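What follows is one structure encoded as structure tokens, with my remarks underneath.
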Amino acid sequence: DTAVSQTPKYLVTQMGNDKSIKCEQNLGHDTMYWYKQDSKKFLKIMFSYNNKELIINETVPNRFSPKSPDKAHLNLHINSLELGDSAVYFCASSPTRLGTQYFGPGTRLTVL
Amino acid sequence: AQSVSQHNHHVILSEAASLELGCNYSYGGTVNLFWYVQYPGQHLQLLLKYFSGDPLVKGIKGFEAEFIKSKFSFNLRKPSVQWSDTAEYFCAVNARVTGGATNKLIFGTGTLLAVQP
């Protein structure tokens, strides 16, 4: 059973397109996150939701919009994709706001 | 601002050698500390964590880490590495801030460990 799952695993698209990445956790956790890992493997948080409420919104372009339809799902929609958006995007979840975070398998986004 | 430093960017060891990866953080308050591992092409997996109590914590696969508050350090150790330990290792800090809590994990830049058979 996959605890934190993401779809798709790979996403290749053209500049200017709009795309979404989906994340689901079956751990019953309250808090979910999106992280971006750049080409140098540096990981940085983008967003966090706690029980469907946005609690962390880092300095991220407003082309990125997270949506949490319920506490088990946190999707990431990206408008007008740019070359610099190419990265691996990781979803994570934790039981509480300060609990241990468990990561999904990542989505490798390549913008051409 | 909180930050995490991992001094070794790339470490090469032979099998059976001992490993110590450095991690220092900058934050004066209460912290939770983590080591994650990322095997080639895979997602981040938790190796071990420190929340409170005994500063020497043991994790999976024979790894351990010691929290030294006075040095703001949380170094990762393993007495004898194996080829299968080849991976990227990330130290992370989850800091509590005055008046509330934050669940931002601040990651170090990672250490790439290559173990030669």
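Since the structure is predicted, the reported quantities are computational estimates derived from the model, not experimental observations. Numbers restart at 1 for each chain; the letters A, B, ... are given by sequence-line order, proteins then strands.
What you find for A/Gln101 and B/Tyr36 is that their closest heavy atoms are O-OH, 2.6 Å.
At least one side-chain heavy atom of A/Gln37 sits less than 4.5 Å from a side-chain heavy atom of B/Gln38. The side-chain heavy atoms of B/Gln42 and A/Phe103, taken from C-beta on, include no pair separated by under 4.5 Å. The shortest distance between side-chain heavy atoms of A/Tyr35 and B/Leu105 falls below 4.5 Å. Annotation: side chain of A/Lys41 is not in contact with side chain of B/Phe107 (no heavy-atom distance under 4.5 Å).
Both the backbone and the side chain of B/Leu44 come within contact range of chain A, judged by heavy atoms closer than 4.5 Å. Heavy-atom distances place no part of B/Gln45 under 4.5 Å from chain A, backbone and side chain included.
A/Glu58 pairs by the salt bridge (Lys or Arg N to Asp or Glu O under 4.0 Å) definition with A/Lys44, B/Lys104, not counting sequence neighbours.
Rounding to the nearest 0.5 angstrom, the gap separating the CD1 atom in B/Ile106 from the CD1 atom in A/Ile45 is 7.5 Å. The structure places CG of A/Leu43 at 5.0 Å from CZ of B/Phe90, a figure rounded to the nearest 0.5 Å.
For A/Glu53, the CD atom is loosely surrounded, since the number of other residues' heavy atoms within 6.0 Å does not exceed 12.
Its side chain within the 4.5 Å cluster rule, A/Leu112 clusters with A/Val12 among the Ile, Leu, Val, Met, Phe, Trp and Tyr residues.
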